[in-house]
Novice: 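Please see the structure below; I have some questions.
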Amino acid sequence: MYTLYYAPSTASLAVHWMLIELGVPFETVKLDLKVARDQDKPAYRALNPAGTVPTLVVDGVPVAETAAILMLLAERHPEAGFAPPPGSPQRGPWLQTMMHLTNTLMPAFRCWFYPAEVADNDAAQAAQGARVMQVWDRMDAQLADGRPFLLGDTLTTADFLLTMLTRWSRNMQRPATAWPHLGAYVNRMRAMPSLREVHAREGLTDWIDG
Ligand SMILES: N[C@@H](CCC(=O)N[C@@H](CS)C(=O)NCC(=O)O)C(=O)O
């Protein structure tokens, strides 16, 4: 059994979306990160010492870190094909992409959204925005051959993660959708019923319709 601790419009969206796409049963617990600050309460810190969302409790065991949860779900549901199997040619590029998105792009966004955690000034925030745009350049180049998904012909965990992260740029001066190939990719992903469904379940109306 799965229980997802989430907050609307945050990093938990990728996991929430993947669970819907997998069609597996799960329960949700919604956290208020702003007013009640549920992430700081001892009961939640016992599940996730970092006090972040998402946390997915898997048969009683709490697991944090978005990329790790996506990869774990792919491993537990191999029939969905959301991760290239060990030993397959795409395994290396998939691992590389997941690590790149979680090690490079997510921290740049974290610093952009939480400037007080680093240097809270306009120049520092602009530097993080530039780091984000460098990743969009790279993703755009990867998608330039018209492949439907980030790693080729197959939907993988990298698509759940990348698409969610492109959403995070919606209020930036130059959002991910401004890149031609990345923008076309995002539009294809936005047509997926499961992505539309997770927006509805989380009460989100912006971005999904462009
Ligand atoms: N490295 C974590 C980062 C998750 C993260 O930063 N989540 C944010 C929401 S997008 C959060 O929980 N913020 C609340 C807080 O830090 O107090 C992951 O990949 O899951």
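From a predicted model like this one, the values you see are computed outputs, not experimental measurements. Both ligands and their constituent atoms are indexed starting at 1 by order of listing.
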Novice: Which residue supplies the protein heavy atom nearest to atom 14 (C) of ligand 1, what is that atom called, and how far is it?
Specialist: Tyr114 OH, 3.4 Å
Novice: Does Ala68 come within less than 4.0 Å of ligand 1, judged by its heavy atoms?
Specialist: no
Novice: Find out if a path of hydrophobic residues (ILVMFWY) with successive side-chain heavy-atom gaps under 4.5 Å connects Met192 to Val15.
Specialist: yes
Novice: Return the closest protein heavy atom for atom 9 (C) of ligand 1 as residue, atom name and distance.
Specialist: Thr10 CB, 3.7 Å
Novice: Which residue and non-hydrogen atom of the protein lie closest to atom 7 (N) of ligand 1, and at what distance in Å?
Specialist: Val53 O, 3.1 Å
Novice: Show your working on side-chain hydrogen bond (donor to acceptor under 3.5 Å, both in side chains) between Tyr2 and Arg76 and close with a plain yes or no.
Specialist: CA-CA 12 Å; Tyr2 297 124; Arg76 288 172 60 90; 2.7 Å; yes
Novice: Could you check atom 10 (S) of ligand 1 against the protein and tell me its nearest heavy-atom contact, residue, atom and distance included?
Specialist: Ala11 N, 3.3 Å
Novice: Please identify which atoms of ligand 1 are closer than 4.0 Å to at least one heavy atom of Met106.
Specialist: 19 (O)
Novice: Check the orientation of Trp136 and Phe109. Use parallel for under 30°, tilted for 30 to 60°, and perpendicular for over 60°.
Specialist: tilted
Novice: At under 4.0 Å between heavy atoms, which part of Gln39 makes contact with ligand 1: side chain, backbone, both or neither?
Specialist: side chain
Novice: What protein heavy atom sits nearest atom 5 (C) of ligand 1, and how far off is it?
Specialist: Arg110 NH1, 3.6 Å
Novice: Checking side chain to side chain contact (heavy atoms under 4.5 Å, CB included) between Leu73 and each of Thr157, Leu56, Val63, Val24, which is the one that passes?
Specialist: Leu56
Novice: Quick one: do Val58 and Leu47 end up in the same hydrophobic cluster if we chain Ile, Leu, Val, Met, Phe, Trp and Tyr together by side-chain heavy atoms under 4.5 Å apart?
Specialist: no
Novice: Against heavy atoms of Pro54, which atoms of ligand 1 measure under 4.0 Å?
Specialist: 20 (O)
Novice: How are the rings of Trp207 and His199 set to each other: parallel, tilted or perpendicular (split at 30° and 60°)?
Specialist: parallel
Novice: Just which atoms of ligand 1 are under 4.0 Å from any heavy atom in Arg37?
Specialist: 17 (O)
Novice: Spell out, as yes or no, whether a donor-acceptor pair under 3.5 Å connects the side chain of Gln39 to the backbone of Val53.
Specialist: no
Novice: When clusters are formed by joining ILVMFWY residues with side-chain heavy atoms under 4.5 Å apart, either directly or through shared neighbours, do Val135 and Phe113 land in the same one?
Specialist: yes
Novice: So which heavy atom in the protein is nearest atom 1 (N) of ligand 1, and how far is it from that ligand atom?
Specialist: Glu65 OE1, 2.8 Å
Novice: Between Tyr185 and Phe149, is the ring centre distance below 6.0 Å?
Specialist: no
Novice: Which of the numbered atoms in ligand 1 are under 4.0 angstrom from any heavy atom belonging to Gly51?
Specialist: 15 (C), 17 (O)
Novice: Can you pull out the closest protein heavy atom to atom 20 (O) of ligand 1? Residue, atom name and distance to 0.1 Å, please.
Specialist: Thr66 OG1, 2.8 Å
Novice: So, for atom 3 (C) of ligand 1, does the protein have a heavy atom nearer than 4.0 Å?
Specialist: no
